[in-house]
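Here the structure is laid out as structure tokens; the discussion comes afterwards.
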Amino acid sequence: MTPYDPKSIEEKWNKKWLDEKVFKVANDAPGREKYYQLETFPYPSAAGLHMGHPKGYTAEDIHARFMRMHGKNVLYTMGWDAFGLPTENYAIKVGRDPHEVARENTDNFRRQVQMFGFSYDWDREIDTASPEYYKWTQWLFIQLYRRGLAYRASAKVNWCPKDQTVLANEQVVNGACERCGTEIEEREMEQWFLRITDYAERLLGDLKGLDWPEATIKRQEDWIGKSEGAELRFALNWPTPWMDIVFATNNRGKFERMKKLIAATGLPVTLKMPADIGVKDFDVVEDGGTASANAQKKARALAALTDLPVLADDTGFFIAGEENLDPVTVKRNALGGVDEKTLTVEEVAARMQEYYQAIAAKHGGKADAEWRQTLCFVTPEKAVVCEDAVRPVTLTAERRGEFDPTLPLRGLYIPKPTGKYPAEETEEEEMRELAPIVDAVKRLLTPSIKVFTTRPDTLFGATYLVLAPEHPFVSACITRGAIDNLDEVTAYAEAASHKTERMRQEEAKEKTGVELKGVRAVNPATGEEIPIWIADYVLGSYGTGAIMAVPAHDERDGDFAKKFGLPVRTVIEPLFTDTSAEGAVKEGVPMVERNAIMAIVKHWSEEKYIGLQWKKVDWQTLITGGPENGQTAEEGAVQEILEETGYLHPKFLKKLGRVHSQFFHIPKQVNRLAHFDVLYFELQDDARREISEEEQGIHEVKWLTPDEMDRFLSPEAHRFAWREFLGGPQLYTGPGVLTASGDLTGMDSGTAKRKMVEMVGGTMKTQYKLRDWSVSRQRYWGVPIPMVHCDACKAAGRGDGIVPVPDADLPVVLPPLENYRPQGMPPLASSPEYINVKCPQCGADAKRDPETLDTFVDSSWYFLRYPDPHNAAAIFDKDKVAHWMPVDLYVIGAEHTVLHLLYSRFITKFLHDEGSIDFTEPFTTLRHQGLIMGADGAKMSKSKGNVVNPDEIVGQYGADATRLYLMFMGPFPDSTPWDPKGIQGVERFLKRLWRYAEGAIEKKMPASDPGAKRALHRAIKKVGEDIPAFKFNTAISALMIMLNELEANAAAPLALADFADLVKIIHPFAPHMAQELWSRMGNGTYLDFAPWPEYDPALVAAEKIRLVLQVNSRTKDAVEADAGITAEDAKALALANMKITAALGGAAPKRVVYVEKKLVNIVI
RNA sequence: GCCUGGGUGGCGGAAUGGCAGACGCGAUGGUCUCAAACACCAUUGAUCGCAAGGUCAUGAGGGUUCGACUCCCUCCCCAGGCACCA
């Protein structure tokens, strides 16, 4: 046989595998179970393959080949995530078309990947930058748009000044661009967003049950960042209410009624009609819109013409099965174009009746309706202060009767709650009708601040409010100049607006803020007036942008209060729960509540205090005990001091706070919930009486300095009490028992949360940190956004003028562009041929959206394409995807714990909801690969010069050796440095294996030596267990151990039949060599479809064992023994052993421990 | 600050309650060779000892156990993540 020549062997088999399409996988393979392995498709950079790529790929290839040998039909593929910034930037640098550059990069990657011999089905190769693929990315985007999950919004976005594009939150790392490291800026821009937040709860909930690394699940949970809490309203004490409000109606009658009503409330407000402020025409009500939307439009239109706040109202109703109709539309429809003024009231009523009957008839005479009144306010700042106060009024059965087509309608309006035409209503009825509007006016005049809190139970301790500097109320204050320290507030808000979130975070150590002087809020629980501050430690983008500050029970609020001298009010007495092994609360044991005392006792002359060291349990405490019935806490404490220490003259000085503690009371065997009063005493003198023997046995009295005491006390409750005694009120953020909280005092904080919210009329609310996904990119090399902006449609009121490109016109092909460099505007915008298009909806001149999609959109669905990669008619065939999905195994770098995985899960859930797929999670099992560091232990980078080039390594050692070393370096999920010498170890192994194979194939032994066969079978077992567990390093070690043992008897190699098994278990790791040997053994088949060998349990379990003999756990000897040896015999064997008897030195064994098949330990 | 992982020879690492350091790299000595490379053999945690044998060793300290790298407590250090999210 020839010497081992990896180059020729590898080239030969790589070619055969490709040419013969050995790994082409059929969608349907009778008798073979499907197994879908997803490979992280690479971003083909100009730098070529990084060693990290083949590390993950080798692991999956080993696994894929292993699964095939276990009879699975394995879908295992490769593709290219070819769109993206680096390629574009590189193309700019070298002055070429990104299309060309990308193709070359992809070709180079393909060549490099193929030299490793990965067993992909190359017929399923995909490329996200090919129109065949991105047609469906565009299609997907349009589906999201149609479901309202893709929308345009103006938002503060992360702008990378170097790349001239927007980045998703997830792509900003430490305030810098993930790709190029440039510090990002914040810009206000109109962007496309995907509404991933709609899926927050499901994205969180479905994480349970996935076979994913814990840490990754945790990171996704943190990213979604759910917190459950409440929204509470703090009314403002506002000394300068608005005096004038414009009522957005031209109906004089309606106006007069409203004016009367408002006057009746006594509020200091004057209602004006638009005409009063010189506005004649503002009515923008259109056909078809909902009453709510129309009311808002009207109000906004009017607000644009005035500085006064605007009150809008409208009424409307809904008829089951019909579009939402506003009264204007209904009346217009009913009158059929006839001018109302030419008709009598009766005639109008008759037409309405007729129209109504028609609707009822259409629904089988059962038209059901719901009446709504809608209102909104628009302030001078154009912000909607009180929006869309829709009051649905479900009609009563009696009222429904009025819809009986046989009954005449009594008014022009479709029935209102009173069922009367306004003119017929009594004042009282009308009052009731307009009550929601009057309420809202009141609210406008006494504005309030809404806060989000997870601790509503601490409301009594809220001593001030803090608003984010960008809170709308702050700008309202500034605009109206309604506060006393206008300049100061303006300066602070101004300064904050120029800081990025990044800068704010860097300054996080020191809290800053300014009080809004002249305004105060009312704590809804205490009724107390509290100050309002603005500070940038409160984020405008989370919750309501405002918080109630509870400095006693929140660290940040505590810091802030300390710095600005704000009041701190303790409202939670801490409850500590013992979590130690013995002390933890036990399930199924009753909880006994008890009042107790804790006494701090000072020495009569020194600065020392009494601590108790318990003797039977590992406790160090203060003096504690339970007062007996009828005793006051003070009396009880005096008694405990006497009993436990013998001191006769403690002088009570003061009562400190209370602490609570729950734990398992070991002596009493019950769960104890103890409520401690903490009392402080000083001893008058050293007079002391002998303490009982019983007490002496329980604990010992220790005199400790304050420092010693702090270290001494073990239970948290005691330590807390001590620290509070020494340092005053301590910040406590945990659960506890309410104090100084009115009626809720004494309640546990958990229960109090709900009660408090109920009490002050707040609402329970869940918040998420997750934000919508910004997907617009102002760059060239990406998927064009398949949308058209049509001014004609917009002017005609057909939505916002955004029209999706019809499916038939997809893909919108990315045009070659002479100059595709970013110039502050998206490159595509500079191409008239591309940008100018006829509107697909109305045919007018329109413009294409000039932006491209974030490449994470491309990769968020690629795993759905492999099952049906060439489908030109649909994104995929449902049956094929149903067959292959979900992915059974996905190996991915640990850096992809949030972005790609979260987006893919979102898209999967969306397609599930669309009915395209029937699963909700794409990746069942996920494994992470560790990084390959440079030889210097640092991350590989060109600048450090520690990059290892796969071409060179494979060229020098061969693909098999490279694969083997990549897997042998260390545990697969760990990051390990590349050791240039290390690969020589596995190279030697392969050469030795080759030589051994030579002997085995040439000698053709009739039977294998039992020892050799045992070595083989041990390896079969270990490798078979380690591959599915991703423990490739130990699997390879097992193969080496096997070879070491086989070589000891190289003269008598394994018989061919056994050697074949050896070749099979080597095959997943070094497929080229294994296949070559297999072929040289005379096989014409491919090893991939040979069944994995089974190990013989009898062979693996040796008949002889090594029994370790110990004296006092020190090994003295190790002897061979029968595997089936009994405990008795083993012990006897040990006691008879010479080395043991010598070590015993005549001492009598106290105890002999036998561990089955392992050891005998003699204790003396 | 908080949350995850980790900390074992000169190096990568193995062992998840039972002989610590498997396997590999490196190193030292040897065989082969004119020589080198390759290959092969032997040794290789530290320490005391001629040896037999002993002692110390898995970040530090303590605990549980006949027995701890492994379980528990306290602390230190490293890596990664999160970071005013109310």
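Quick note on labels: first sequence line is chain A, next is B, and so on, each numbered from 1.
Checking B:rC32 for Watson-Crick or G-U wobble geometry (two distances, each under 3.5 Å) identifies no partner in any strand. In a base pair of the Watson-Crick type (N1 to N3 plus N6-O4 or O6-N4) or a G-U wobble (N1-O2 and O6-N3), with each distance short of 3.5 Å, B:rA79 is matched with B:rU4. Nucleotide B:rC66 is matched to B:rG18 when pairs are restricted to Watson-Crick or G-U wobble geometry with both distances under 3.5 angstrom. Of the nucleotides present, B:rU44 is the one that pairs with B:rG26 by Watson-Crick or G-U wobble criteria, both distances under 3.5 Å. The base-pairing partner of B:rU74, taking Watson-Crick or G-U wobble contacts with both distances under 3.5 Å, is B:rA60. Remark: B:rA86 base-pairs with no nucleotide; criterion is Watson-Crick or G-U wobble with both hydrogen-bond distances under 3.5 Å. When both distances must be under 3.5 Å, the Watson-Crick or G-U wobble mate of B:rG9 does not exist.
Here the straight-line distance linking atom CD of A:E214 with atom CD1 of A:I217 works out to 5.5 Å at 0.5 Å rounding. Here A:T512 contributes atom OG1 and A:D536 contributes atom CG; the two are 4.0 Å apart, rounded to the nearest 0.5 Å. The OG1 atom of A:T766 sits 10.5 Å away from the CG atom of A:L204 when rounded to the nearest 0.5 Å.
In this structure, A:H928 places its NE2 atom 13 Å from P of B:rG81, rounding to the nearest Å. When the C1' atom of B:rG1 is taken as reference, atom NZ of A:K511 falls 11 Å away, rounded to whole Å. For A:I547 and B:rC84, the CD1 to C1' distance is 9 Å, given to the nearest whole Å. The separation between A:R1151 atom CZ and B:rG67 atom C1' is 9 Å, rounded to whole Å. What separates CZ of A:F989 from P of B:rA39 is a distance of 15 Å, to the nearest Å. Taking atom CD1 of residue A:I1140 and atom P of nucleotide B:rG53, one finds them 13 Å apart after rounding to whole Å. In this structure, the NZ atom of A:K769 is 7 Å from the P atom of B:rA86, given to the nearest Å. One atom, NZ of A:K991, and another, C1' of B:rA37, lie 11 Å apart when rounded to the nearest Å.
For B:rG17 and B:rC71, the P atoms lie 8 Å apart once the distance is rounded to whole Å. Taking atom P in both B:rC73 and B:rA27, one finds a spacing of 44 Å when rounded to whole Å. On the C1' atoms, B:rG45 is 26 Å away from B:rC40, given to the nearest whole Å. Nucleotides B:rC78 and B:rC66 place their C1' atoms 36 Å apart, quoted to the nearest Å. Across the C1' atoms, B:rC19 and B:rA68 are found 14 Å apart, a figure rounded to whole Å. Nucleotides B:rG26 and B:rG61 place their C1' atoms 34 Å apart, quoted to the nearest Å.
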Which parts of nucleotides 11-27 of chain B does protein reach within less than 4.0 Å, heavy atoms only, written one letter per nucleotide 5' to 3' as B for base, S for sugar-phosphate only and - for none? -BSS---BB--BBSSS-
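Closest heavy-atom contact between A:T1141 and A:L1135: CG2-O, 3.3 Å. Closest approach of A:D1026 and A:A1035 over heavy atoms only: OD2-N, 3.2 Å. Shown here for A:V571 and A:G461, the closest heavy-atom pair between the two residues is CG1-N, 3.5 Å.
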Under-3.5 Å N/O pairs linking protein and nucleotides 2-5 of chain B:
residue: B:rC3; atom: O2'; partner: A:K218; partner atom: NZ; Å: 3.1

Between A:K226 and A:E201, does a salt bridge (Lys or Arg N to Asp or Glu O under 4.0 Å) hold up when you go through it step by step? CA-CA 8 Å; A:K226 178 179 181 174; A:E201 189 58 43; 2.9 Å; yes
I'd like to know whether A:F576 forms a ring pair (Phe, Tyr, Trp, His ring centres under 6.0 Å) with A:Y732, so could you lay out the CA-CA distance, the side-chain angles of the two residues, the decisive distance to 0.1 Å, and finally the verdict. CA-CA 11 Å; A:F576 295 103; A:Y732 176 76; 5.7 Å; yes
Could you go through the side chain to side chain donor-acceptor pair (under 3.5 Å) check for A:R992 and A:N1044 one step at a time? CA-CA 9 Å; A:R992 280 161 49 205; A:N1044 290 347; 2.4 Å; yes
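No hydrogens or angles were tested; on distance alone, nothing pairs the side chain of A:K1150 with the base of B:rC66 as donor and acceptor under 3.5 Å.
The residue A:R219 sits close only to the backbone: its heavy atoms come under 4.0 Å of sugar-phosphate atoms, none of a base. Contact annotation for A:K1157: no contact, since no heavy-atom pair falls under 4.0 Å across all strands.
Place A:G225 and A:N1112 on RNA chain B by their nearest nucleotides, and A:N1112 ends up nearer the 5' end. A residue-by-residue look at A:K226 and A:R995 shows that A:R995 has its nearest nucleotide of RNA chain B further toward the 5' end.
The aromatic rings of A:Y4 and A:W994 sit tilted relative to each other, their planes meeting at an angle between 30° and 60°. Classified by interplanar angle (parallel below 30°, tilted 30° to 60°, perpendicular above 60°), the ring pair A:F564/A:W533 is tilted.
OP1 or OP2 of B:rA86 has not a single side-chain nitrogen or oxygen of A:Y537 nearer than 4.0 Å. At B:rG54, one or more side-chain N or O atoms of A:K1116 fall inside 4.0 Å of OP1 or OP2 (strictly under the cut-off).
Glycosidic conformation of B:rG9: syn, with the torsion inside 90° of 0.
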